[in-house]
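Quick caveat: nothing in here was measured; it's all calculated off a predicted structure.
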Amino acid sequence: MTWFTVALVLVVAAAVILRWRRPAWYWLTFGVTLATVRVLVRYGSVMDACGLTVPPSRWRLALARVANREVPQPRPPRILRIRPTRTGLVLRLGLRPGQDAFDVAASADRLRHSFALYGVTSRELRSGVVEVRMTGYDVLRRVHMPAKTDVRPMRVPVALREDGSVHYRDYRTVPHGLTLGATESGKSVYQRNLVAGLAALDVALVGIDCKQGVELFPLARRFSALADNPDTALALLEALVTHMEEVYQLIRANQRITVNVPDAEIAADIWDLPADLRPVPVVVLVDEVAELALFATKDDEKRRDRIITALVRLAQLGRAAGIYLEICGQRFGSELGKGITMLRAQLTGRTAHRVNDESSANMAFGDIAPDAVLAAIQIPTDTPGIAVTGDASGGWARIRAPHTSLREAVNICNKHAERTPDLPALAAFRPALAPAPSAPVPLSKTAPATA
């Protein structure tokens with residue numbers, strides 16, 4: 001009995017220490033089992049208390065009267081499947097007649113408290129089936145991306161969602177994106193993760209960094225073109241517009257509109273072209289859009305109007321030509337001048353890090369997901385990297401990108417430098433670089449030993 005008591009005390013102590021210091025390890029060793037048992041034991045009473053039950057049907061009541069049995073209890077949604085994950089539990093529920101997926105979503109906070117879990121979110125899979133994702137701990141406090149992710153062409157993992165799933169930036173689905181955030185909000189780290197993910201793909205990266213290139217020029221070995229001032233940015237954007245027009249001419253020449261060609265094979269964008277003819281897709285990263293929109297003189301105003309016009313044309317027409325925009329800034333409102341609202345309307349994907357005022361959050365989500373505005377202004381200052389992301393569908397989620405230092409991003413870009421394509425239209429803007437180092441620079445701050 002003494003040995004059993006000692007072993008029990010050690011197990012409890014280990015569980016307490018793991019829950020305090022390593023919540024992910026605690027969940028995988030102890031938490032997932034305890035949470036599963038807790039959900040199954042409390043399920044019926046919790047659903048009844050949350051109003052997620054339906055009264056018994058008439059035929060069941062009649063059968064109970066005939067058989068002289070007790071009145072049947074209200075029925076909760078059926079548990080179709082319960083699946084543990086590395087961050088929580090996933091319940092697939094079959095709704096009873098008369099129930100709605102909105103009822104489950106409205107009860108998410110009560111379910112979180114009742115099951116003693118960290119977070120609960122739900123989504124409708126199909127008519128009558130709802131998936132409830134429960135997280136056992138704060139997955140955004142210390143972000144660990146899974147070892148295996150679903151990487152596809154023009155789709156890269158950039159962050160972790162609060163429900164434990166991976167947040168992907170999919171340019172085929174959401175061609176253009178807007179990222180807002182105040183100083184020290186984690187916007188630059190999010191951009192580094194994006195560049196690091198795209199570096200391993202067959203894609204051309206084009207950067208515009210009007211902060212004299214301090215953010216993007218260290219990654220220059222993986223960029224096909226870079227601009228560090230508004231004048232160069234104007235020339236680069238107009239060259240991109242010319243490149244876009246040339247790609248459209250290529251598509252027109254290879255549309256294959258004949259009687260023998262099925263409708264699905266008629267080319268309407270670069271992804272319908274044969275692989276040997278397909279131009280390389282281009283992702284344009286604008287680090288601080290306000291520097292392109294501000295002006296002080298008449299000449300600056302003319303340059304600004306041409307820049308915004310080129311950006312609007314790329315946003316409206318660039319998707320079919322394989323040109324995608326990723327625009328970052330601290331604010332993106334109408335005070336930046338004419339054409340800004342038109343440009344923002346074309347940026348489907350929205351990501352907002354911590355902002356300093358409600359109007360900045362409204363610039364990101366006011367026209368697509370009003371519920372996300374409140375979540376964006378509630379991001380605390382001591383958690384850089386946490387952001388709210390949404391799109392035109394109205395859905396939104398909290399995310400956080402893993403911390404990637406500038407040295408790590410530089411090493412990744414140097415590793416994949418041979419993938420950098422040469423675009424003739426942008427050759428004048430290719431950054432001039434010194435010879436590449438023979439080996440990646442170590443991440444340690446200690447100086448290398450000398451002989």
What's the separation between atom [atom1] in [X] and atom [atom2] in [Y], rounded to the nearest 0.5 Å?
{"X": "L216", "Y": "R192", "atom1": "CG", "atom2": "CZ", "result": "10.5 Å"}
{"X": "Y324", "Y": "L198", "atom1": "OH", "atom2": "CG", "result": "11.5 Å"}
{"X": "T36", "Y": "L91", "atom1": "OG1", "atom2": "CG", "result": "9.0 Å"}
{"X": "R331", "Y": "S360", "atom1": "CZ", "atom2": "OG", "result": "4.0 Å"}
{"X": "L236", "Y": "F429", "atom1": "CG", "atom2": "CZ", "result": "5.5 Å"}

Checklist entry - Backbone N or O of I251 within a donor-acceptor pair of the N254 side chain at under 3.5 Å? => result no
Next on the checklist: Using a 3.5 Å distance criterion without hydrogens, assess whether the side chain of S107 forms a donor-acceptor pair with backbone atoms of V104.
Outcome noted: no
With a 4.5 Å cut-off on side-chain heavy atoms, are [Y] and [X] touching?
{"X": "P402", "Y": "H144", "answer": "no"}
{"X": "H243", "Y": "I323", "answer": "yes"}
{"X": "L250", "Y": "P279", "answer": "yes"}
{"X": "D228", "Y": "D209", "answer": "no"}
{"X": "V203", "Y": "Y171", "answer": "no"}
{"X": "L317", "Y": "Y248", "answer": "yes"}

Item to check | From CA spacing to verdict: side chain to side chain contact (heavy atoms under 4.5 Å, CB included), V46, L111 | outcome: CA-CA 7 Å; V46 167; L111 294 175; 3.7 Å; yes
For [X], all residues meeting side-chain hydrogen bond (donor to acceptor under 3.5 Å, both in side chains), sequence neighbours excluded:
{"X": "R304", "answer": "none"}
{"X": "R152", "answer": "D150"}
{"X": "R169", "answer": "E326"}

Checklist entry - What is the ring orientation for H353 with Y190, classed by angle as parallel under 30°, tilted 30 to 60°, or perpendicular over 60°? => result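 The rings of H353 and Y190 stand perpendicular, inter-plane angle above 60°.
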Judged by modelled atom types alone, do [X] and [Y] share a side-chain donor-acceptor pair under 3.5 Å?
{"X": "R133", "Y": "T121", "value": "no"}
{"X": "T135", "Y": "D163", "value": "no"}
{"X": "T232", "Y": "N229", "value": "yes"}

Item to check | Sole residue of R398, E162, R161 in side-chain hydrogen bond (donor to acceptor under 3.5 Å, both in side chains) with H167 | outcome: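 Testing each of R398, E162, R161 against H167, the sole residue satisfying side-chain hydrogen bond (donor to acceptor under 3.5 Å, both in side chains) is R161.
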Checklist outcome for this item: The salt bridge (Lys or Arg N to Asp or Glu O under 4.0 Å) partners of E215 (sequence neighbours excluded) come to K211
Checklist entry - Who passes salt bridge (Lys or Arg N to Asp or Glu O under 4.0 Å) against R123, sequence neighbours left out? => result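 Partners of R123 by the salt bridge (Lys or Arg N to Asp or Glu O under 4.0 Å) criterion, ordered by chain and then number, come out as E131.
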Item to check | Over-ring placement of R172 relative to W271, 6.0 Å and 45° cut-offs | outcome: yes
Checklist entry - Out of I307, T242, I308, V286, which one pairs with L237 under the side chain to side chain contact (heavy atoms under 4.5 Å, CB included) rule? => result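 With L237 as partner, side chain to side chain contact (heavy atoms under 4.5 Å, CB included) holds for just one option, I307.
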Next on the checklist: Can you tell whether the side chains of D300 and R303 come within less than 4.0 Å, N to carboxylate O?
Outcome noted: yes
Item to check | P157: partners by side chain to side chain contact (heavy atoms under 4.5 Å, CB included), with sequence neighbours left out | outcome: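 Applying side chain to side chain contact (heavy atoms under 4.5 Å, CB included) to P157 gives M145, T149, V151, V166, Y168.
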Item to check | Contact summary for A199 and H416, nearest pair of heavy atoms | outcome: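 Nearest heavy atoms, A199 then H416: O-CB, 3.3 Å.
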